[in-house]
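Just below is one structure, and these are the notes that go with it.
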Amino acid sequence: MNNEELLRLAIVEGAKTLGIEVTPEELTIDRSKDPAHGDYASNLAMKSAKLLHKAPVAIANELIKAIHSPIIEKIEVAGPGFINFFLKKESLGSIIKTIIEQGDNYGQLPPTGKKINVEYVSANPTGNLHLGHTRGAALGDTVCNILEKAGNEVTREYYVNNCGNQVAHLGHSLGERYRELFGIEPNFDKDDYIGNDIIEIAKQLKEEAGDRYLEDNEENRAFFVQYGIDKEFAKIKKDMEDFGVHFDKFSFESDIRKGTTIEDTIKYLSDKGYTYSMDGATFLKTTDFLDDKDRPIVKADGSYTYFMPDICYHYNKMERGFDLLIDMLGADHFGYLNRMRSALMMKGYDPNAIEFGIYQIVRVYQNGVEVKMSKRTGKAITHRDLVSEVGKDAVRYYFAARNGDSHLDFNMDLATSKSKDNPVYYSQYAHARCASLLQIGAEFPIDMTGASLKNEKESDILKQLADFPSMIESSANLRAPYKVANYIEKLAALIHEYYSSVKIIDRNDPKGTSARLGLIKASMITLKNALAILGVSAPDKM
RNA sequence: GCGCUCGUAGCUCAGUUGGAUAGAGUGCAACCCUCCGAAGGUUGAGGUCAGGCGUUCGAAUCGCCUCGAGCGCGCCA
């Protein structure tokens, strides 16, 4: 049990003697910002003022007499009724042993028994990934890491829309580009993809197959679609692997369309009375639930809207036994949430079993000017371009370090500068510094007790290290990757400050050196674990 | 028009179950390498928390209104 938990129990016990009933979970205690306010502070007295009909300060004064714990050095009442707790230095230091013993597992919370499915990226295999996908990938993968670290069983999933209009346009575009290579003037439709990536694929096909697919017939058209999808999808998978993103499962729309799943589902919804026909199309009565408009599921021409197979896909995910589905989507999909929740309710599921992780648009700036992106023209900065230019670590860090609710202004000049301006280097450098110190000081035994760590900077680091598990918890609850990034930057800053103010390896003070190296080792482990959550490497040398 | 998200330092952003003097990075100004990695550190200037009203011991945080930005409101995906 860590210090914070011990402190909570002690406060709860003390409060009970005054007739204040709180559970350790309800109790709010905060890390004090100002060292003069101790290590932890509680506002319990102020919260209880109304209930007890007493002044907060009076309650606080009674409370500090009632609270006893071996880890507490001193308790004070301050300001309008805060209770400040000063912990004994040796109890702060005990975290070092915990961290070194747990190693890579430090910060891993006990199993919750919850199964969570996170769907992210899910880009159509019709072209290069753009920076919106980069944000989805960085945020989605980091959310998965956080949820896992918080004790959940997580499945990372990618839904492949390999049917419908867009892939038809891909096939048509490829066919035109292929014929163009044989001197036939291409004839593109309005929504075709005319980017360079399609030309590349056409060239590849020509090399492999020569003029075998030149004739414009049903069979060849289908071939172009499949060939195009395969090539584009392979590129996407490669891009994601290079980005450190590994999916546990790819679900294909074509599989959903294969059997009678869709027909069966429509029949189920009709039997329940949730559908009706209008103007030759079939509508789903989502307004019976959370939606503000009924949605078509079968068009007048008999084909399905995107929504229909997607309903089946989400039913399928629920049937696989997940307690929670998270879809990471761009802001332009937000209106989709109530639609899908309504569909889940029609099958008797809790609407809160699905949530959307929405992220706002990415704007790219170069030379101070916004760069517009277009997947169709292929002139945009692609995901691949960015990662190869800036590096995986920096991109993942940068894209996960901001709340998805905010617009992300990505400065190409800054990101490509590969200089100290990039915040990821600062954190990695702190790690490398620790590794270097441990190597230089290898002759000294590591003191894991933390007992002789006494100065203020050491206490600050110890408190930050001890905060790691609770940071994981709040970050998981809020699905907030940026909290991890903030944590890392704070810890890295503390390490750099410590390094510059204290001589860590001092051959005239072997005992102190051992203690300081214990702190450095614990810091390094925690920093590495935190960086791993963002998918960023923690190099020993840079 | 309706709905959702956002508005905090010159810039990019933290501050989210309401807490003590609103923070960090970057940029700007001035400093620090006889010493374990200067890819670092120290100090300073810089704020009407978009604006207004309200709720209470206490509001950047909660409620209402106004202004501004983005997105959604397809038989597109």
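Owing to the predicted nature of the structure, the values given are computational and were not obtained by experimental measurement. No hydrogens, no waters, no symmetry mates; every other heavy atom, side chains included, goes into these values. Chain letters run A, B, ... following the sequence lines, proteins first and then strands; every chain starts at 1.
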Q. Which residue pairs pass the salt bridge (Lys or Arg N to Asp or Glu O under 4.0 Å) test with at least one member in residues 328-344 of chain A, sequence neighbours excluded?
A. none

**Q.** Interatomic distance at P, B:U8 relative to B:A69, whole Å
**A.** 14 Å

Q: Go through B:G40, B:C76, B:C36 for me and flag the one nearest to the A:Ile505 side chain.
A: B:C36

(Q) Is it the case that the ring center of A:His169 lies less than 6.0 angstrom away from the ring center of A:His172? (A) no

(Q) Run the side chain to side chain donor-acceptor pair (under 3.5 Å) test against A:Asn161 and tell me which residues pass, sequence neighbours left out. (A) A:Glu253

Q. Below 4.0 angstrom from OP1 or OP2 of B:G41, is there any side-chain N or O of A:Tyr426?
A. yes

Q: Can you tell me the distance, in whole Å, between the CG atom of A:Leu329 and the P atom of B:C71?
A: 17 Å

Q.
Does A:Met308 reach a base, just sugar-phosphate, or nothing at all? Heavy atoms under 4.0 Å.
A. nothing

Q: Provide the distance between the two P atoms, one in B:G40 and one in B:C49, to the nearest whole Å.
A: 33 Å

Q | Selected nucleotide, minimal atom distance to A:His496 side chain, candidates B:G41, B:G37, B:A77 | A | B:G41

Q) What integer number of Å spans the P atoms of B:A14 and B:G7? A) 8 Å

Q. Does NZ or CZ of A:Lys457 fall inside the cone over A:Tyr498's six-membered ring, less than 6.0 Å from its centre and within 45° of the axis?
A. no

Q.
Are A:Phe250 and A:Phe233, when compared by the centres of their aromatic rings, separated by less than 6.0 Å?
A. yes

Q: May I have the distance from A:Phe283 (atom CZ) to B:C75 (atom C1'), rounded to whole angstrom?
A: 6 Å

Q | Sequence-aligned protein contact record of nucleotides 2-13 of chain B, with B where the base is within under 4.0 Å of a protein heavy atom and S where only the sugar-phosphate is | A | --SSS-----SS

Q. Is the distance from OP1 or OP2 of B:G41 to the nearest side-chain N or O of A:Tyr498 less than 4.0 Å?
A. no

Q) With a non-hydrogen cut-off below 4.0 angstrom, is A:Ala432 in contact with a base, only sugar-phosphate, or nothing? A) base

Q. Taking CG from A:Leu284 and C1' from B:C75, how many angstroms apart are they, rounded to a whole number?
A. 14 Å

Q: Could you tell me whether the phosphate oxygens of B:C73, OP1 or OP2, come under 4.0 Å of any side-chain nitrogen or oxygen in A:Arg295?
A: no

Q: Have a look at A:Val57 and say if it touches a base, only the backbone sugar-phosphate, or nothing, with a 4.0 Å heavy-atom cut-off.
A: nothing

Q) Pairs in or reaching into residues 483-501 of chain A: which pass salt bridge (Lys or Arg N to Asp or Glu O under 4.0 Å), with residues at least two apart or in two chains? A) none

With a 3.5 Å cut-off and sequence neighbours excluded, list the donor-acceptor pairs that the side chains of residues 427-442 of chain A form with protein atoms.
{"unit_1": "A:Gln428", "atom_1": "NE2", "unit_2": "A:Asp393", "atom_2": "OD2", "d": "2.9"}
{"unit_1": "A:Gln428", "atom_1": "NE2", "unit_2": "A:Ser537", "atom_2": "O", "d": "2.8"}
{"unit_1": "A:Gln428", "atom_1": "NE2", "unit_2": "A:Ser537", "atom_2": "OG", "d": "3.4"}
{"unit_1": "A:Tyr429", "atom_1": "OH", "unit_2": "A:Arg433", "atom_2": "NH2", "d": "3.3"}
{"unit_1": "A:His431", "atom_1": "ND1", "unit_2": "A:Ala538", "atom_2": "O", "d": "3.3"}
{"unit_1": "A:His431", "atom_1": "ND1", "unit_2": "A:Pro539", "atom_2": "O", "d": "2.9"}
{"unit_1": "A:Arg433", "atom_1": "NH1", "unit_2": "A:His496", "atom_2": "ND1", "d": "3.0"}

Q) Taking only N and O in the side chain of A:Asn165, is any of them less than 4.0 Å away from OP1 or OP2 of B:C76? A) no

Q: Find which nucleotide of RNA chain B each of A:Asp301 and A:Ala492 is nearest to by heavy atoms, and output the residue with the more 5' nucleotide.
A: A:Ala492

Q: Whole angstrom is fine here: how far is it from CD in A:Glu497 over to P in B:A38?
A: 15 Å

Q.
Could you write out RNA chain B as dot-bracket? Rules: Watson-Crick or G-U wobble, both distances under 3.5 Å, brackets [ ] for crossings, | for pairs with another strand, dot for unpaired.
A. (((((((..((((.....[...)))).(((((.......))))).....(((((..]....))))))))))))....

Q | Test salt bridge (Lys or Arg N to Asp or Glu O under 4.0 Å) applied to A:Arg396 - qualifying residues, sequence neighbours left out | A | A:Asp141

Q | d(CD1, A:Ile358; C1', B:G72) in whole Å | A | 10 Å

Q) Between B:U42 atom C1' and A:Tyr499 atom OH, what is the distance in whole Å? A) 16 Å

Q. Considering only side-chain heavy atoms of A:Ser500, which listed nucleotide, B:G37, B:G41, B:A77, is closest?
A. B:G41

Q.
Base, sugar-phosphate or nothing for A:Tyr482? Non-hydrogen atoms, less than 4.0 Å.
A. base

Q | Position toward the 5' end of RNA chain B (nearest nucleotide), A:Leu437 or A:Ala493 | A | A:Leu437

Q. If you check the A:Asp332 side chain, which of B:C71, B:G15, B:G40 turns out closest?
A. B:C71

Pairs under 3.5 Å (N/O, protein and nucleotides 18-22 of chain B):
{"unit_1": "B:G19", "atom_1": "N7", "unit_2": "A:Asn43", "atom_2": "ND2", "d": "3.0"}
{"unit_1": "B:A20", "atom_1": "OP2", "unit_2": "A:Lys33", "atom_2": "NZ", "d": "3.4"}
{"unit_1": "B:A20", "atom_1": "N6", "unit_2": "A:Asn84", "atom_2": "OD1", "d": "2.6"}
{"unit_1": "B:A20", "atom_1": "N1", "unit_2": "A:Asn84", "atom_2": "OD1", "d": "3.3"}
{"unit_1": "B:A20", "atom_1": "N1", "unit_2": "A:Asn84", "atom_2": "ND2", "d": "3.2"}

(Q) In this structure, how many angstroms lie between the P atom of B:C75 and the NZ atom of A:Lys299, rounded? (A) 10 Å

Q) Excluding sequence neighbours, so at least two apart, what forms side chain to side chain donor-acceptor pair (under 3.5 Å) with A:Thr134? A) A:His383

Q. Does A:Thr305 place a side-chain N or O at less than 4.0 Å from the phosphate oxygens OP1/OP2 of B:C75?
A. no

Q. Quantified in whole Å, what is the C1' atom distance between nucleotide B:U34 and nucleotide B:A45?
A. 34 Å

Q: Take the angle between the ring planes of A:Phe307 and A:Tyr336 and call it parallel below 30°, perpendicular above 60°, tilted in between.
A: perpendicular

**Q.** Options B:C75, B:G72, B:A77, nucleotide nearest the side-chain atoms of A:Pro296
**A.** B:C75

Q: Determine the interplanar angle of the A:Phe468 and A:Tyr487 rings, folded into 0 to 90°, and report it as parallel if under 30°, tilted if 30 to 60°, perpendicular if over 60°.
A: tilted

Q) Considering only B:C75, B:A77, B:C36, which nucleotide approaches the side chain of A:Ala281 most closely? A) B:C75

Q. Taking everything shown except A:Lys317 itself, do over 12 heavy atoms lie less than 6.0 Å from its NZ?
A. yes

Q. Which is true for A:Arg507 with a 4.0 Å heavy-atom rule: it touches a base, it touches only sugar-phosphate, or it touches nothing?
A. nothing

Q) Base, sugar-phosphate, or nothing: which does A:Ala331 touch, judged by heavy atoms less than 4.0 Å apart? A) sugar-phosphate

Q) Can you list the residues that meet the side chain to side chain donor-acceptor pair (under 3.5 Å) rule with A:Ser501, with sequence neighbours excluded? A) none

Q: Round to the nearest Å and state the distance from A:Lys503 atom NZ to B:G41 atom P.
A: 18 Å

Q) Among all residues two or more places apart in sequence or in another chain, which pass the side chain to side chain donor-acceptor pair (under 3.5 Å) test with A:Ser514? A) none

Q | A:Lys483, nearest nucleotide to its side chain (from B:A38, B:A77, B:G15) | A | B:G15

Q.
Counting the atoms with a prime plus P, OP1 and OP2 as sugar-phosphate, which does A:Asp540 contact under 4.0 Å by heavy atoms, base, sugar-phosphate, or nothing?
A. base

Q: For B:C64, decide between syn and anti, treating a glycosidic angle within 90° of 0 as syn.
A: anti

Q. Can you name the ring-ring contact (aromatic ring centres under 6.0 Å, His included) partners of A:Phe399, sequence neighbours left out?
A. A:Phe410

